[in-house]
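Beneath this line is the structure, given in C-alpha cells, with notes to follow.
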Protein chains: 2
Amino acid sequence: MKQTRNTAAKTEILKLINHSPVALSHAEIQSALNGLCDRVTIYRVLERLITEDEVHKVVNLEGVVKYASCHSCSSEEKHIHTHNHAHFSCEKCKEITCLEDIEPSFKVPKNYQINEMNFTLSGICPNCR
Amino acid sequence: MKQTRNTAAKTEILKLINHSPVALSHAEIQSALNGLCDRVTIYRVLERLITEDEVHKVVNLEGVVKYASCHSCSSEEKHIHTHNHAHFSCEKCKEITCLEDIEPSFKVPKNYQINEMNFTLSGICPNCR
DNA sequence: AAAATAACGCAACATTGTTGCAAATACAAA
DNA sequence: TTTGTATTTGCAACAATGTTGCGTTATTTT
C-alpha cells in the first residue's frame, strides 16, 4: 500500500471542502486556493482524497463534477464506504447539497448487480425561493 | 415560438437514438453518423431534440453525458414532461440503460422544491456478468 | 419565384481532464 | 540534524468536450 503524505495543498483543499455546506467544483476550489498550487495538483489531490475516503464525487444534472466532504460517513465503516445518500442540485444557484436523511427505496431489478447509486434531485433550494 | 425543421441530420440522429437500447454519447453518435454532418451540428440537433421532448439527457456516475430516447414517456403529457425513471450505468461496458419500471420512493425534504430527479444505479449489467 | 427564417459548416475559442518528466518536498531512519 | 528515498509538485503539452460567431445553404411561407 502506497504511503500518502500531508502537504499544504492537500490540507487546504480538504479544509475548503470540509467547511463548505455545498459540494465544490474543481474550478471553485482553484479560485478559492488563490494560486496556492497548480491546476493539475488539485486534480491529483482530489483523486487522493477520494481513495482515502475523505471526499466523494458528485455529478449534477448538467454533468458538472463536484466534490463534497464525507463527514456524514462514519469512519468505522470506511472499508465499505459508499455514498448512498441523496444530493440536491439547485437549478438557480447551481449548488449541490447533501440530503443525508433521505434514503430512497426502490425495487432492485433482476440480474443487475448494484454497487453504487447516484440519486440527485433538482429544483429550487430553500435559499433561492 | 420558433419553428423547427426536419433535416437529414436530425432524422438520422433521432433514428439512431430511438433504435439504440442504451443511451448514446455525442462521440458515439458522431462516429455512427460517419461524417454526415459537423460535430457542432450534432450538438445543436441534440439540443433541439431535447426541447422538443424527443430525447432526454442522462449523466453517468463519471459525469459522461449521454442521450436516450423518450419512447417510454407518453406523448399526451409532454407538456409536463419529466424523466423520473431510473437509469443503470454499467461499470464494465459503460452503457446506460433505462430502468423504466423502477420508481424510487423517498421523503421530500421540507423547503426544497423538486422539479426533476436523476436516479442512476451503477454496477454490473446482466450482459457483463 | 422571392423573401424570411431555420439549420449548417467552419474556424476559433473555452473548459475540463490527463500524461510524462524533471525538480522540489515530506518524512522516516540513521 | 542530516540523509535517503518515495511521494508530490509544476510545467508543458495534449486530448476530449462543449460553445459562439458568422457567412452560406436549405427549407418553408407568401
Side-chain angles (χ1 to χ4, degrees), chain A residues 1-17 22-68 89 91 94-96 118, chain B residues 1-17 22-68 89 91 94-96 118:
Chain A
M1 173 87 151
K2 206 175 161 190
Q3 184 75 10
T4 161
R5 295 176 183 181
N6 283 327
T7 62
K10 187 179 161 189
T11 308
E12 282 310 306
I13 291 171
L14 185 55
K15 197 189 290 176
L16 265 176
I17 294 174
V22 299
L24 300 174
S25 66
H26 174 275
E28 287 161 345
I29 293 169
Q30 184 176 12
S31 75
L33 285 179
N34 218 52
L36 172 71
C37 67
D38 194 72
R39 235 166 54 79
V40 181
T41 300
I42 300 175
Y43 280 113
R44 296 199 261 227
V45 166
L46 289 170
E47 217 170 72
R48 240 183 303 156
L49 289 173
I50 288 170
T51 63
E52 291 170 21
D53 285 334
E54 295 279 359
V55 154
H56 64 277
K57 199 172 167 177
V58 208
V59 175
N60 76 6
L61 285 195
E62 283 100 38
V64 178
V65 174
K66 305 228 174 182
Y67 303 88
S89 168
E91 292 168 357
K94 306 288 177 193
E95 291 194 340
I96 295 189
N118 174 12
Chain B
M1 172 88 150
K2 206 175 161 189
Q3 184 75 9
T4 160
R5 295 174 183 180
N6 283 329
T7 63
K10 185 179 162 189
T11 308
E12 282 310 306
I13 291 171
L14 186 55
K15 197 189 291 177
L16 265 176
I17 294 174
V22 300
L24 300 174
S25 67
H26 175 275
E28 287 161 344
I29 293 169
Q30 184 176 12
S31 76
L33 285 179
N34 219 53
L36 171 72
C37 68
D38 194 74
R39 235 167 52 80
V40 180
T41 300
I42 300 175
Y43 280 112
R44 296 199 260 228
V45 166
L46 288 169
E47 216 169 73
R48 240 182 303 154
L49 289 173
I50 288 170
T51 62
E52 289 169 22
D53 284 335
E54 295 279 359
V55 154
H56 65 276
K57 199 173 170 177
V58 207
V59 176
N60 75 6
L61 285 194
E62 283 100 39
V64 177
V65 175
K66 305 227 174 184
Y67 303 87
S89 169
E91 293 169 357
K94 306 287 177 192
E95 290 193 341
I96 294 189
N118 174 13

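The figures that follow rest on heavy atoms only: side chains count, while hydrogens, waters and symmetry mates do not. Naming: A, B, ... by sequence-line order, numbering from 1 per chain.
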Check the distance between dT17(D)'s C1' and Glu62(B)'s CD and give it to me in whole angstrom.
16 Å
Decide side-chain contact (heavy atoms from CB on, under 4.5 Å) for Glu52(B) and Lys10(B); before the verdict, give the C-alpha distance in whole Å, the side-chain angles of both, and the deciding distance to 0.1 Å.
CA-CA 12 Å; Glu52(B) 289 169 22; Lys10(B) 185 179 162 189; 3.0 Å; yes
dA7(C) phosphate, OP1 or OP2, under 4.0 Å from Thr41(B) side-chain N/O
no
Using whole Å, report how far CD of Gln30(A) lies from P of dT9(D).
14 Å
Glu47(A): what forms a salt bridge (charged side-chain N to carboxylate O under 4.0 Å, His left out) with it, not counting sequence neighbours?
none
Heavy atoms under 4.0 Å is the rule here; annotate nucleotides 19-30 of chain D 5' to 3' with B where the base is hit, S where only the sugar-phosphate is, and - elsewhere.
BBB----BB---
Could you check how far CZ of Arg48(A) sits from P of dA26(C), rounded to whole Å?
12 Å
Tell me the closest heavy-atom pair linking Val45(A) and Ala9(A), and the distance in Å.
CG2-CB, 4.3 Å
By nearest atom, which of the nucleotides dC11(D), dG9(C), dA7(C) is closest to the Asp38(A) side chain?
dC11(D)
For Leu36(A), answer base if it contacts any base atom (sugar-phosphate contacts may also be present), sugar-phosphate if it contacts only those atoms, and nothing otherwise; contact means non-hydrogen atoms under 4.0 Å.
sugar-phosphate
For a quick test of your reading: what N or O donor-acceptor pairs under 3.5 Å do the side chains of residues 24-40 of chain A make, sequence neighbours left out?
{"from": "Ser25(A)", "atom 1": "OG", "to": "Glu28(A)", "atom 2": "N", "distance (Å)": "3.1"}
{"from": "Ser25(A)", "atom 1": "OG", "to": "Glu28(A)", "atom 2": "OE1", "distance (Å)": "3.3"}
{"from": "His26(A)", "atom 1": "NE2", "to": "Arg39(A)", "atom 2": "O", "distance (Å)": "3.2"}
{"from": "Glu28(A)", "atom 1": "OE1", "to": "Ser25(A)", "atom 2": "N", "distance (Å)": "2.7"}
{"from": "Ser31(A)", "atom 1": "OG", "to": "Glu28(A)", "atom 2": "O", "distance (Å)": "3.3"}
{"from": "Asp38(A)", "atom 1": "OD2", "to": "Val40(A)", "atom 2": "N", "distance (Å)": "3.0"}

Whole Å only: how far is the CD1 atom of Ile42(B) from the P atom of dA16(D)?
15 Å
Show the nearest heavy-atom pair for residues Val65(A) and Lys57(A), with the distance to one decimal.
CG1-CE, 3.5 Å
So, for Ala68(A) and Val58(A), which heavy atoms are closest and what is the spacing to 0.1 Å?
CB-CG2, 4.4 Å
Using whole Å, report how far CD of Glu28(B) lies from C1' of dA16(D).
14 Å
Grab the NZ-P distance between Lys57(A) and dG17(C) for me, whole Å please.
7 Å
Nucleotide dT25(C), atom P - distance to NZ of Lys10(A) in whole Å
18 Å
